[in-house]
Novice: 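Take a look at this one; I'll ask things after.
As a basis for the values below, the full set of heavy atoms in this structure was taken, side chains included, without hydrogen atoms, waters or symmetry mates. Chain letters run A, B, ... following the sequence lines, proteins first, then strands; residues in each count from 1.
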Amino acid sequence: MAGQIIIGGLAAGSLYALAALGLILIFKTSDIVNFAQGEMAMLITFISFTFLTVTKLPYFVSFLLSLVIAFIFGMAVERIFMRPVQKAPILNQIILTFGLYMVFRGVAGIIWGYTPVGFPEALPNKHFNYVGITITINQIFIFVVTTILMLGFYLFFKHTKIGLAMRASSQNIATAKLMGIGVSSVFTRTWGISAILGGIAGILIAPVTFLDPNMMGEVGIKAFAAAILGGFTSLPGAIVGGLLIGVFEGLIAGYVSSELKSVFVFALIILVLYVKPTGILGEKITKKV
Amino acid sequence: MLELKQISAFYGNIQALDRISIQIPEGSIVTLLGANGAGKSSTLKVISQLLPIKSGTMVYKNEDISNLEPNEIVKRRIIHCPENRQVFPKLTVEENLIIGSYLRRDKDQIKKDLSDIFSYFPILKERLKQYASTLSGGEQQMLAIGRALMGNPKVLLLDEPSLGLAPIIVNQIFEIIQEINRKGTSILLVEQNANLALRIADYGYILENGRIGLEGRAEFLRNNDEISKYYLGGKSHAANLY
Amino acid sequence: MKIKRLQILFISILLLGYPLLVGFSSYFIYVAGLFIIYAIMAMSLNLLTGFGGQISIGHAAFLAIGAYTTAILTLKLGLPFWLNLPLSGVITAIVGFLIGLPAVRLSGHFLAIATLAFGLAIPEIMLKWEGLTGGFAGLFIEKPSLFSSDTSFYYFTTVIALIITWLILNLLKGNFGRAFVAIRESEIAAEAMGVNVSLYKTLMFSISAFFTGIAGSLYAYFVGFISPHDFNMNISLIVLAMIVLGGLASITGSILGAFILTIIPQVADRFPGFTITITGAALILTILFLPNGLISLFNYKWKRKKTENKQLSLEG
Amino acid sequence: MRKWLVNSLIMIICLVLAACGGTNSSTTSTKNAKEKSSVKNSQGVTDDEILIGGWVPQSGPAAQWGILAEVYQSYFNKVNADGGVNGRKLKYIAIDDEYQPSKTVAAAKKLVEQEKVFAILGTTGTAHNKAVKPYLTQKGIPVVAVASGDSAFVKPAVKNYFALQTNYDIEARIFSTYANKELKAKSVGIFYQNDDYGIVYRDAAVEELNKLGIKVAAQESYNPTDVDFSAQALSMKKASPDVVFLFASPKPAASFLKEFDKIGGSAERMLTYTSADSTMIDLAGADVMEGVLSTTWVKSLKDKDNPLIKEYVDQISKDIPKQDPNSVFMRSAWAYAQVLVEGLKRSGDNLTWENFIKQMETLKDWDGSLAYNVTYTSDYRYGQTSVKISQFKGGELVDISDVIKYEP
């Protein structure tokens, strides 16, 4: 039983980690916590669903098309809403993303309604049994995708000039400009990429949570938890945080109480933050204003 | 080669620069002197376009560059090495240097420049994989200058490179500045320490409340007691720095 | 300061005359009562967030604790209402103190998430703790016999709100207020000035929780029924939105924000599904175009202050 | 001082406008109500109109219930197109309460006092309905078809409350009886939602199963917003009951069934009527749903010749083309509205609350709606306690029993 709980927990945890990657990317570059990340993912998933059902495109075509739209959408959100508050206090930025969260959710409700619909899985549904532990091919797929994305971004930040420019911009905007970095376009692109990440997350999560405007509610919160636990600046931290939360809540649900699993998760986070205020893999943020 | 004509600039409602005109001829070292808040750093920020120009023009090699974005200025190889070093704390020394060459595509020349910088500042080579935040103040200043040099500057804008450093290191840095100049880079040097700056400069401007109070050849400014007393707080002030 | 006093005096006269204006309509009095309760909550959150710079995205949890304390004390122990009201405040303040302890070590986004966690956990605990809270079934609370009608309880709520406003204004004028603002501006500088930062941060949480607890107690009596549904994350968000919409670090701003966000749903409730969109859009527009909140339209002083600030920042 | 005056003026204008906006509308609506009608009718009735109201969450966590309002409107469209009720057109007002009890209280007061509706129809949320029950009971306004199967609205019978959908408690007992008689279960596992909805079911089922001597092998709960049910599915499989009762809303039920199927859990599965429609096949897949049992208290669309079904499908496809008319929510909502309108019809020209309530009590095994055998008496307010057992077979839900009537 414990084995299966851990596998289930890892599966749920990789969803949280996947949803957390976009959050971390934005925070790492522009120092903004995007509370609308989940709702952006939801919108993109709806768009993908529209491609699938209305225009009847094949799965991977609609997947890719919606990611293109995601990129444009993310950049538009940055240009229209986030750029004016780049220098505003943290609270204003947080509230602005909350405003976006409400509007996106409301608009999705108006357009697509609130009745949940099923969403197809990436790969044909198959599962494996090994010493009494069951795992589906899609769970493995999500885990692999998350890991590849994380690794990809790790290499991107470490070894490409644009990745380096993103990190530099996040540390000191004025000096980054003196290096010739077009900081504004870096931020814009970051939001585009984050929206893509969100889109991938949404499309892979939708078969599990089903598709409706509230689909990212719980996953979104757990993604925040994962990001915070992992340190909010670290991509591997998101994976560690997500998997930890998934397994931890699985164990609590299995052995203590399924209704209180979230309470325990939050208690764990507060405990971790109390011991290490920057999260497990977080770095101390030293920022020049 | 780089010329500022009647430049004015504001922070919000507060005027920072009032009709400033400066020339930096090719291959020269020009220094900006003046008290705190006189507008020295603002002049550099105007050139690198961190501070927008309200009126006046800026001309570089017969091109009007008054309304360009910061990255366009960098593209023209006018590189600003900011006050207080401003290295990226969470990038390694190596990454800080690489980011200095962000807009360049000439890979071979970049490699050569990198080795030049290591010959100026050997300590940076030892610290290559360390986070910049772990360096000492002097090392960070070296890194900042090195990073600026990675932009392969035609004009280098240096803001207070001596600030807060021990005299030995200051001398070392000033020697390197002269060396860089000898290799063909024009330099605009902002300094509080007038004696030091005038020792290596060809020409100097003295700023006062956002205006140019006085200008002249370096030896003229250096040897005029009246001027140094009136504008630069007197010899006693300069002596205090040492 | 004088303008603020007069504004508040004016608001209070209006609130006291309001039932006459609407002909004692129970619906209008109920909505106004909700507004006053939210205004108390917004003011106490503003104390913490606007003046003290500590973000809380879980304030509905304090409202819940206040409301449930009142309900439980009334139903299980039969305590009278004049005892319940302060007790709810005190118990919530104690919880606030406990929450403040770990929160002292956190700032910015991390604090935001920690309080979010708290805000999500409390309703779940209430749901689970059936024996005490009635769980899903909720609890019914009778209004105190002295103020048994909607109108009389509305007046009682108004008076309590005025007292709280007065207390908060005085608090801000004194050492507390100065320490709060000092901490918001720079914790290091505040520490250097001799402010015990951790103590004051914890106190901020307790004081804010105290007033929110009282708001919760009034809520329980006024609505007459509480269940974990009443205290979900949306409430926390809406109250946060109130203080930003009205104006951070402004007491009259909190009142204005509470007014607008209580009214929007009432006006928009005939347009299905638009409430959340309209509220969100209002927030976005405020942040983009009136970053100091709607109150900045009213406060002429603000403009002068802004230029002063600019000068300060240049000198520094 | 002058600035202060300006401030005050602006504020006065704001507040007075807000207040007057309300009072104006209230005076006009009372005027309308009084203008033409004979004095004896209750509020909300004029010579050519009857005003009906209700709240439904149209945003927030339970926004999927918002569809109910559209169905009521659709049914009223149909009635109005056929000439209305005794010459009066029906007008429906829906208020979004965002699934927050404090807003529900506001909504109820607004409907009764400002909008002055004649009756309240099909309102959602057990907690929310409970929150306003004292107020509505005191006012005496007819409340028809509370969209909750909680016993609080029928036991004891309240004069102005008429329930319709199958009582949760009763459905749980029907499940238990069926598991005992037809499925010969020795043990039952319960998967339930940890809230006002699931716990009522669980308690009733546990009581009834104990009475029948059936072992309750597992009780697995979850919170309404949960997305991961692997732990519950696992515990359920480990307990290996003969039958699993699912007292869950559609999304969690579908997720749980998928998970349970994946890890190889096998048992007869019984699902409450809330989830008994094609949504489940869309969400969980036809393979997973194959053989799952449920109950239905609203008539199935299979019976195409039935004129009741035909008029429903026609009207819904016209008014709400985006939605599948097979939805159990929508069929239920249609039935709520049908029962209300039947009461109005029977009241004739005497549209007082008193008479309406009296006429509602004349419904005896009334089969003119999508629900089976609707009955009200002065102390029986369940509306109906008749269900059919149905089963998912080959990708659709089919009725497999006759109407079973449970006597409470």
Novice: Regarding A/Glu218 and D/Thr225, do their side chains bring together a donor and an acceptor under 3.5 Å, going by distance alone?
Specialist: yes
Novice: Flag the pair D/Ser255 / A/Phe210 as yes when at least one side-chain heavy-atom distance between them is below 4.5 Å, and no otherwise.
Specialist: yes
Novice: Please round to the nearest 0.5 Å and tell me the distance separating atom OG1 of A/Thr134 and atom NZ of D/Lys237.
Specialist: 6.0 Å
Novice: Report the distance from atom CD1 of D/Ile263 to atom OG1 of A/Thr136, rounding to the nearest 0.5 Å.
Specialist: 12.5 Å
Novice: Go through the atoms of D/Ala233 and report whether side chain, backbone, both or neither lie under 4.5 Å from a heavy atom of chain A.
Specialist: neither
Novice: For residues A/Ala253 and D/Ala231, report the shortest heavy-atom separation together with the two atoms involved.
Specialist: CB-CB, 3.7 Å
Novice: So, for A/Ser258 and D/Tyr222, which heavy atoms are closest and what is the spacing to 0.1 Å?
Specialist: OG-N, 4.3 Å
Novice: Compare every heavy atom of A/Pro116 with every heavy atom of D/Gln64, then report the nearest pair and how far apart it is.
Specialist: NE2-CD, 4.0 Å
Novice: Can a donor-acceptor pair be found, under 3.5 Å and without considering hydrogens, that links the side chain of D/Asp282 to the backbone of A/Gly118?
Specialist: yes
Novice: Kindly compute the distance separating NZ (D/Lys251) from OG1 (A/Thr115), expressed to the nearest 0.5 Å.
Specialist: 11.0 Å
Novice: Search all heavy atoms of A/Val117 against all heavy atoms of D/Leu283 and return the closest pair with its distance.
Specialist: C-CD2, 3.4 Å
Novice: Of all the heavy-atom pairs spanning D/Ser230 and A/Gly8, show the shortest one and how long it is.
Specialist: OG-CA, 3.9 Å
Novice: Given heavy-atom pairs under 4.5 angstrom as the criterion, report whether the side chain, backbone, both or neither of A/Lys261 touches chain D.
Specialist: side chain
Novice: Treating D/Asn223 as the side-chain partner and A/Glu259 as the backbone partner, does any N or O pair qualify as donor plus acceptor under 3.5 Å?
Specialist: yes
Novice: For A/Phe46, look at atom CZ and say whether over 12 heavy atoms of other residues, nucleotides or ligands are found less than 6.0 Å away.
Specialist: yes
